[in-house]
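Quick notes on the structure that follows.
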Protein chains: 2
Amino acid sequence: MSNEVAEEMRIGDLARRARVTPRTLRYYESLGLLQPAARRSGGFRLYDEQAVGRLERIRQLKELLGFSLGEVRQILRSEDAVQEIRARYLGTEDAGLRADLLRQAMALADAQRELVRRKLAGLQAMDDEIAERQGRIRQLLRTTGADERQG
Amino acid sequence: MSNEVAEEMRIGDLARRARVTPRTLRYYESLGLLQPAARRSGGFRLYDEQAVGRLERIRQLKELLGFSLGEVRQILRSEDAVQEIRARYLGTEDAGLRADLLRQAMALADAQRELVRRKLAGLQAMDDEIAERQGRIRQLLRTTGADERQG
DNA sequence: GTATACATTGACGCTTGCGTCAAGGTTACT
DNA sequence: AGTAACCTTGACGCAAGCGTCAATGTATAC
């Protein structure tokens with residue numbers, strides 16, 4: 001009940017917050033996807049609020065973009081590197097270095113956006129196909145004179 | 001070399017066309033996802049051109065929408081039912097029946113579109129997040145005076 | 001001190017989605 | 001007839017992604 005520090009969570013707390021199981025969290029740790037912020041003297045894992053966001057990121061990469069957990073790990077490592085870039089950026093006054101660090105971050109964002117865009121395009125094509133199909137169905141419904149009057 | 005019938009394919013031919021393996025095709029058959037059009041006297045599976053489209057459909061549902069093969073089977077069965085609806089539609093002059101059949105087809109298309117829409121929304125949110133991140137990076141690049149002059 | 005609910009580690013189990021292998025048959029070409 | 005490339009079925013193997021269990025430790029409340 002220390003008010004000035006972020007409340008730390010045990011594994012069950014985080015699991016409930018993120019809607020996964022403790023087993024999943026231990027598994028992700030073993031894969032290098034998500035490390036606890038600390039361990040208590042009894043060996044309990046302690047997580048901070050950042051873990052919740054990281055799990056959401058993992059979920060996105062896994063479920064929305066279809067990456068395996070191995071691939072997710074690589075992507076997160078790149079993103080971690082960008083975070084480190086950000087810290088180093090703030091820690092230097094070298095404009096050239098700063099620009100380099102920013103370009104790296106931009107390149108990573110570009111690559112990810114490309115993947116998202118490709119997936120969006122495939123889904124959009126599916127949506128268009130279904131919409132066309134529905135247009136044809138509507139037309140046929142009109143010829144039966146059934147339209148919206150029923151149901 | 002029969003010009004008037006669609007060329008039938010053996011399993012290796014279809015596998016190459018659809019970029020899967022013969023093993024995958026036998027597996028899909030065992031799951032009820034894709035049946036051969038016929039079998040030759042020697043037991044060879046024969047597929048027709050429709051199989052190519054069906055495999056593309058399976059790929060979409062699996063890779064773009066993230067369904068398991070069991071789920072894909074259920075969805076394809078619904079779509080097959082709609083095909084049957086279409087055949088029955090053409091085979092009746094009962095306007096009321098026709099309207100019913102069309103409404104069933106519309107309902108299925110609605111459900112699928114809903115799924116696609118949900119996935120699109122998630123990916124769009126990811127894309128927006130990344131675009132925002134890139135906007136911030138660009139702003140920082142401007143303060144270093146590095147912009148586009150390099151690279 | 002006790003009870004309860006949580007935690008720890010290690011390991012086996014299960015499902016999914018195939019890859020690969022063995023043993024043999026079929027087809028088409030030479 | 002021989003050969004090569006394809007095919008068949010059945011079955012084991014593998015990786016991924018956890019679920020579940022056993023045996024035990026930890027923390028908190030009573």
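A note on names: the letters A, B, ... follow the listed sequences, proteins ahead of strands, and every chain is numbered from 1. Just the heavy atoms: all of them, side chains too, but no hydrogens, waters or symmetry mates, feed the values below.
Remark: A/Asp110 engages A/Met106, B/Gln134 in a side chain to side chain contact (heavy atoms under 4.5 Å, CB included) (not counting sequence neighbours). Take B/Arg118 and apply the salt bridge (Lys or Arg N to Asp or Glu O under 4.0 Å) test, not counting sequence neighbours, and it matches B/Glu114. Every residue was checked against the salt bridge (Lys or Arg N to Asp or Glu O under 4.0 Å) condition with A/Arg40, not counting sequence neighbours, and none meets it. By the salt bridge (Lys or Arg N to Asp or Glu O under 4.0 Å) test, B/Arg23 is found to be paired with no residue, residues two or more places apart in sequence or in another chain being considered. B/Gln104 is linked by a side chain to side chain contact (heavy atoms under 4.5 Å, CB included) to B/Ile85, B/Leu101, counting only residues two or more places apart in sequence or in another chain. Partners of A/Asp13 according to the side chain to side chain contact (heavy atoms under 4.5 Å, CB included) rule, which considers only residues two or more places apart in sequence or in another chain, are A/Met9, A/Arg10, A/Arg16. With sequence neighbours excluded, no residue forms a salt bridge (Lys or Arg N to Asp or Glu O under 4.0 Å) with B/Arg133.
A/Arg45 comes within 4.0 angstrom of sugar-phosphate atoms only, judged by non-hydrogen atoms across all strands, and of no base.
A salt bridge is absent between A/Asp80 and A/Arg77: the closest approach of a Lys/Arg side-chain nitrogen to an acidic carboxylate oxygen does not fall below 4.0 angstrom. Salt-bridge check for A/Arg113 with B/Glu129: failed, with every basic side-chain N at 4.0 Å or more from each acidic carboxylate O.
Toward the 5′ end of DNA chain C lies the nearest nucleotide of A/Pro22, the other residue of the pair A/Pro22 and B/Thr24 mapping further downstream. Both B/Arg16 and B/Arg39 lie near DNA chain D, and the one whose nearest nucleotide falls closer to the 5' end is B/Arg16.
Taking atom CG of residue B/Leu25 and atom C1' of nucleotide C/dG19, one finds them 14 Å apart after rounding to whole Å. Remark: C1' of C/dC6 and CG of A/Leu14 are 15 Å apart, rounded to the nearest angstrom. Rounded to whole Å, atom C1' of C/dC18 lies 16 Å from atom CD of B/Glu29.
Pairs of residues two or more places apart, or lying in two chains, that qualify as salt bridge (Lys or Arg N to Asp or Glu O under 4.0 Å) and include a residue from residues 24-33 of chain B are B/Glu29-B/Arg39, B/Glu29-B/Arg45. A side-chain hydrogen bond (donor to acceptor under 3.5 Å, both in side chains) check over residues 59-69 of chain A, counting only residues at least two apart or in different chains, returns the pairs A/Glu56-A/Arg59, A/Arg57-A/Gln60, A/Ser68-A/Glu71.
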Close N or O pairs between protein and nucleotides 12-17 of chain C (under 3.5 Å):
unit_1	atom_1	unit_2	atom_2	d
C/dG17	OP1	B/Leu69	N	3.1

*Go along nucleotides 25-30 of chain C 5' to 3' and tag each nucleotide: B for a protein heavy atom under 4.0 Å from its base, S when only backbone or sugar atoms are that close, - otherwise.*
BSSS--
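If you walk DNA chain D from 5' to 3' and mark each nucleotide with an atom closer than 4.0 Å to a heavy atom of chain A, the marks span D/dG17 to D/dA27.
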